[in-house]
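Everything below concerns the one structure shown next.
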Amino acid sequence: MSDNNHTAGSEEPREDGASGRVVGTPSPAKGGSLLAKDDEGAKPPAEPGIELDEKSAKNAERIVATFFLLAFAASVAFIAYFIGWSGRDGGMHGVIRTRESNFWLGGTLAVAMLAMAFGVTIWVRRLMTSKPIIQERHAMASDANTRAAFEADFLEGAEDSGITKRPLLRRTLLLATAPLGLAPLVLLRDLGPLPEKRLRHTFWGAAVNKAKSEGKKGVRLVVDGTNAPLKVSDFNSPGGMITVLPEGIEEEKEAANEIAKAVTILINVPNELFKPVKGRENWHVNGVVAYSKICTHVGCPAALYEQTTHHILCPCHQSTFDATDGAKVVFGPAHRPLPQLPLGVEDGYLIATDDFPEPIGPSFWERG
């Protein structure tokens with residue numbers, strides 16, 4: 001009867017005595033897992049701390065060394081430009097020269113820093129091992145065992161980094177960092193050449209001297225932006241203001257720098273309100289007076305004019321000057337009036353007969 005219970009057509013699974021499993025069910029996975037591994041014959045992955053093959057490491061080493069050499073070259077270029085090139089022709093004066101120095105000094109230093117960063121990053125990612133590091137917390141006291149452990153960790157880290165067995169990386173790293181260590185000393189040693197007497201005079205003086213050498217009374221005033229000479233009849237409406245420059249200034253070698261110092265505002269003050277400064281009674285033309293556009297506080301353009309009060313206003317710190325009374329300070333942090341330019345007339349054109357009598361711009365410029 002027992003044999004009849006296990007007929008061929010029975011759908012009930014039966015237990016296999018040899019294997020100890022039910023017939024018709026899949027064999028159990030090896031190792032007690034539910035699913036068998038698909039890559040049983042594959043090579044196990046590299047354990048943490050296993051270094052890449054030497055061929056890849058050598059390629060990475062050359063790349064890192066190249067970045068370190070680039071950092072060295074950029075650092076040397078930074079120092080060479082700062083010492084031997086930026087101070088040519090009297091130093092870094094003027095807008096153009098400042099732009100040039102910023103480009104070269106900033107560019108070379110940025111290349112040096114970026115090359116160092118790229119080199120160190122590739123070194124860490126491609127050449128250093130990836131052993132997991134667990135830091136245990138202990139008492140803060142440093143005993144002999146702690147110092148010994150630190151020494152062991154340090155030597156192990158040096159060994160893992162490859163700095164002891166890769167002399168090319170070690171030497172190029174030291175070569176790259178040496179100029180960067182000297183760069184701050186070079187910058188602190190020389191903060192730039194002194195302006196000397198350059199801020200005491202503007203192009204108005206040179207232009208007037210040139211005009212007088214040609215038999216003229218002075219240099220003509222031209223409108224800023226158009227360079228058109230300005231006639232007295234072109235500027236006869238009281239309350240008007242315009243920016244002027246000396247004729248020929250745009251032909252100078254460093255025109256931008258000269259224009260920045262020589263820029264002047266021309267104001268037509270009502271003749272009955274104008275109060276000439278003592279000794280400057282003939283410096284205006286029927287109430288048309290010229291003042292430096294550079295504020296005597298910190299050098300901002302004093303380019304706002306109130307027609308009702310005849311006040312010149314600097315928008316940076318609200319220094320206010322009275323155009324009817326020699327541009328004296330009536331409000332704000334400025335300590336001295338705007339310098340006045342002596343004017344005259346020649347063949348119907350407004351001219352300047354001399355340079356500003358005192359240095360233009362901020363008061364501390366007078367120390368130059």
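Residue numbers start at 1 and run along the sequence shown.
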Subject >> Side-chain donor-acceptor pair present, E100, Y81, cut-off under 3.5 Å >> reply: yes
**OP:** May I ask you to decide if D224's main-chain N or O and T226's side chain share a donor-acceptor pair within less than 3.5 Å?
**Re:** no
Subject >> Rounded distance (nearest 0.5 Å) linking atom CZ of F203 with atom CG of N257 >> reply: 12.0 Å
Subject >> Minimum heavy-atom distance between P342 and W283, given as atom pair plus value >> reply: CB-CD2, 3.6 Å
Original post:
Is a side-chain N or O of R126 found less than 3.5 angstrom from the main chain of A60, in a donor-acceptor match?
Top reply: no
**OP:** Start with the C-alpha gap between L221 and Y349, add the side-chain angles, then the distance that decides, and say whether side chain to side chain contact (heavy atoms under 4.5 Å, CB included) holds.
**Re:** CA-CA 8 Å; L221 279 62; Y349 290 95; over 6 Å; no
Subject >> Nearest heavy atoms of A207 and P246, plus distance in Å >> reply: CB-CB, 4.1 Å
Original post:
Side chains of W123 and L169: closer than 4.5 Å at any heavy-atom pair?
Top reply: yes
Subject >> Worked check of side chain to side chain contact (heavy atoms under 4.5 Å, CB included) between E159 and E156 >> reply: CA-CA 5 Å; E159 181 67 23; E156 183 181 0; 5.5 Å; no
Subject >> Within one Ile-Leu-Val-Met-Phe-Trp-Tyr cluster: L70 and L168, side-chain cutoff 4.5 Å >> reply: no
**OP:** Go through M116 and F67 one step at a time and tell me if the side chain to side chain contact (heavy atoms under 4.5 Å, CB included) criterion holds.
**Re:** CA-CA 6 Å; M116 285 286 295; F67 276 115; over 6 Å; no
Subject >> Heavy-atom donor-acceptor pair, E281 side chain to G279 backbone, under 3.5 Å >> reply: yes
Original post:
If you look at every heavy atom in H335 and V329, which pair is closest and at what distance?
Top reply: C-CG2, 4.4 Å
Original post:
Would you say the side chain of T309 lies within less than 4.5 Å of the side chain of E306, judging by non-hydrogen atoms?
Top reply: yes
Original post:
Between atom NZ of K261 and atom CD1 of I249, what is the distance when rounded to the nearest 0.5 Å?
Top reply: 9.0 Å
Original post:
Is a salt bridge present between E346 and K217, judged by a nitrogen-to-oxygen distance below 4.0 Å?
Top reply: no
Subject >> Under 3.5 Å: donor-acceptor pair, side chain of D234, backbone of K231 >> reply: yes
**OP:** Check for a donor-acceptor pair, side chain of D322 on one end and backbone N or O of T324 on the other, with a separation under 3.5 Å.
**Re:** yes
Original post:
Counting only heavy atoms not in E151, do more than 12 fall under 6.0 Å of its CD?
Top reply: no
**OP:** Verify the neighbour count for atom CG of N227: are there more than 12 heavy atoms of other residues, nucleotides or ligands below 6.0 Å?
**Re:** yes
Subject >> Separation of R220 CZ from L350 CG (nearest 0.5 Å) >> reply: 11.0 Å
Subject >> P301 side chain near T243 side chain, heavy-atom distance below 4.5 Å >> reply: no
Original post:
Any Lys/Arg nitrogen of E54 or R166 sitting under 4.0 Å from an Asp/Glu carboxylate oxygen of the other?
Top reply: yes
Original post:
For F356 and Q340, what are the C-alpha separation, side-chain angles and deciding distance, and is it a side chain to side chain contact (heavy atoms under 4.5 Å, CB included)?
Top reply: CA-CA 6 Å; F356 291 103; Q340 183 179 352; 5.8 Å; no
Subject >> For the student: nearest non-hydrogen atoms of A323 and V289, plus distance >> reply: O-CG1, 4.3 Å
Original post:
Do T353 side-chain atoms and G344 backbone N/O form a donor-acceptor pair below 3.5 Å?
Top reply: no
Original post:
Does the gap between the ring centers of F274 and H284 come in under 6.0 Å?
Top reply: yes
Original post:
Given Y291, which of L341, T264, I360, I312 fulfils the side-chain contact (heavy atoms from CB on, under 4.5 Å) condition?
Top reply: I312
Original post:
Under 3.5 Å, is there a donor-acceptor pair between the side chain of T108 and the main chain of A77?
Top reply: no
Subject >> Donor-acceptor contact below 3.5 Å, side chain W204 vs main chain A262 >> reply: yes
Original post:
So do the side chains of V345 and I351 get within less than 4.5 Å of each other, counting heavy atoms only?
Top reply: no
Original post:
How long is the gap from CG on L174 to CZ on R171, to the nearest 0.5 Å?
Top reply: 10.0 Å
Original post:
Side chains of F321 and T296: closer than 4.5 Å at any heavy-atom pair?
Top reply: yes
Subject >> Test item: V222 and L230 side chains (from C-beta on) under 4.5 Å apart, heavy atoms >> reply: no
Subject >> Geometric class of the H317/H297 ring pair [parallel <30°, tilted 30-60°, perpendicular >60°] >> reply: perpendicular
Original post:
Do the non-hydrogen side-chain atoms of L273 and H310 ever get within less than 4.5 Å of each other?
Top reply: yes
**OP:** First locate atom NE2 of H311, then atom CG of D325, and finally report the distance between them rounded to the nearest 0.5 Å.
**Re:** 9.5 Å
Original post:
Between the side chain of N268 and the main-chain N/O of V288, is any donor-acceptor distance below 3.5 Å?
Top reply: no
Subject >> Interatomic distance, I267 atom CD1 to Y305 atom OH [nearest 0.5 angstrom] >> reply: 5.5 Å
**OP:** State whether the number of non-hydrogen atoms from other residues, nucleotides or ligands found under 6.0 Å of F118 atom CZ is greater than 12.
**Re:** no
Original post:
So if you build clusters from Ile, Leu, Val, Met, Phe, Trp, Tyr with side-chain heavy-atom gaps below 4.5 Å, do L304 and M241 land together?
Top reply: no
**OP:** Side-chain contact test, heavy atoms from C-beta onward, threshold under 4.5 Å: evaluate it for V208 versus D355 and give yes or no.
**Re:** no
Subject >> Heavy-atom pair with the smallest gap, counting every atom of P179 and S75 >> reply: CB-CB, 3.3 Å
**OP:** Of all the heavy-atom pairs spanning A211 and G218, show the shortest one and how long it is.
**Re:** CB-O, 3.4 Å
Original post:
Quick one: do V124 and I122 end up in the same hydrophobic cluster if we chain Ile, Leu, Val, Met, Phe, Trp and Tyr together by side-chain heavy atoms under 4.5 Å apart?
Top reply: yes
